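Everything on this sheet refers to the single structure shown next.
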Amino acid sequence: AVGAVLRWVTTPWLALSATPTAVHVRQPSATVVGSVEGTTGLVDLPMDATLSHDFKAPWSPGVALALGVSLPVGDTATGFGAGKMGYSTSVGLGFSPAERLWVHLGAGKSLTDVAMQSAFSSGSGWGDASAGVSLTERFSVSGGCSTDFGGVDATACLHRFIACAG
């Protein structure tokens, strides 16, 4: 899977984002023994609006609430799409124990029977933790991990990810 997070911070307290993701899956052929079939396509498009507030206190704590929608652009025949819109919510807590260093903890849940499923989550419920350091005013390096929890769809695999970004 290859995806990108496109984020527009409209004001200090509101950000809008979208995460377009393309997936390539290889699996044994159902018709020809010993061969492999590949499928490529876009998954449903998750988008969200995040409201956040920072507090003037030691370690600069902040809280965030996100409301998400998943646009059904993925192909349902390949399993890359749900065929209908889904909604989710998530909350997060962040803090900065030192200048230029930040830590974030978050959790989210689908609000509809359509799980906000992507290449990176089964969508039922999820949690994440990440940390980063700002190297310059415009460049930072971060890393984190996320996992599914709660009632995970038995037909989907449990997702756990470790990521690094620059």
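Predicted model only: the values in this text are computed from it and were never measured.
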Mind checking the [atom1]-[atom2] spacing from [X] to [Y]? Nearest 0.5 Å is all I need.
{"X": "Q27", "Y": "T39", "atom1": "CD", "atom2": "OG1", "value": "6.0 Å"}
{"X": "F80", "Y": "T40", "atom1": "CZ", "atom2": "OG1", "value": "7.0 Å"}
{"X": "S88", "Y": "M47", "atom1": "OG", "atom2": "CE", "value": "12.5 Å"}
{"X": "T19", "Y": "L6", "atom1": "OG1", "atom2": "CG", "value": "7.5 Å"}
{"X": "L51", "Y": "L67", "atom1": "CG", "atom2": "CG", "value": "7.0 Å"}

Any side-chain to backbone donor/acceptor pair from [X] onto [Y]? Under 3.5 Å, distance only.
{"X": "S134", "Y": "E137", "answer": "no"}
{"X": "R7", "Y": "A15", "answer": "no"}
{"X": "T21", "Y": "V2", "answer": "no"}

Between [X] and [Y], which heavy-atom pair has the shortest distance, and what is it?
{"X": "D75", "Y": "A77", "result": "OD1-N, 3.1 Å"}
{"X": "A30", "Y": "E37", "result": "N-OE2, 4.1 Å"}
{"X": "D48", "Y": "G68", "result": "CB-CA, 3.8 Å"}
{"X": "S96", "Y": "L101", "result": "OG-O, 2.6 Å"}
{"X": "S142", "Y": "W102", "result": "CB-CZ2, 3.5 Å"}
{"X": "A82", "Y": "T76", "result": "C-CG2, 3.7 Å"}

- Message: Walk me through whether L65 and T89 qualify under side-chain contact (heavy atoms from CB on, under 4.5 Å).
- Response: CA-CA 7 Å; L65 169 67; T89 187; 3.6 Å; yes
Applying the 4.5 Å side-chain criterion to the ILVMFWY set and letting contacts propagate, would [X] and [Y] be lumped into a single cluster?
{"X": "L45", "Y": "L111", "value": "yes"}
{"X": "V32", "Y": "V36", "value": "no"}
{"X": "V73", "Y": "Y87", "value": "yes"}
{"X": "W59", "Y": "V103", "value": "yes"}

- Would you please test D54 and S52 for side-chain hydrogen bond (donor to acceptor under 3.5 Å, both in side chains) and show each step? CA-CA 7 Å; D54 295 325; S52 61; 5.7 Å; no
So [Y] and [X], do their side chains get closer than 4.5 Å, heavy atoms only?
{"X": "M85", "Y": "L71", "answer": "yes"}
{"X": "T147", "Y": "C145", "answer": "no"}
{"X": "L16", "Y": "T10", "answer": "yes"}

- Just by distance, with hydrogens left out, do T31 and S29 show a side-chain donor and acceptor under 3.5 Å apart?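 Side chains of T31 and S29: pair found under 3.5 Å.
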- Would you tell me whether H104 and S130 have side-chain atoms, one donor and one acceptor, within less than 3.5 Å of each other?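 No, because no side-chain N or O of H104 sits under 3.5 Å from a partner of the opposite role on S130.
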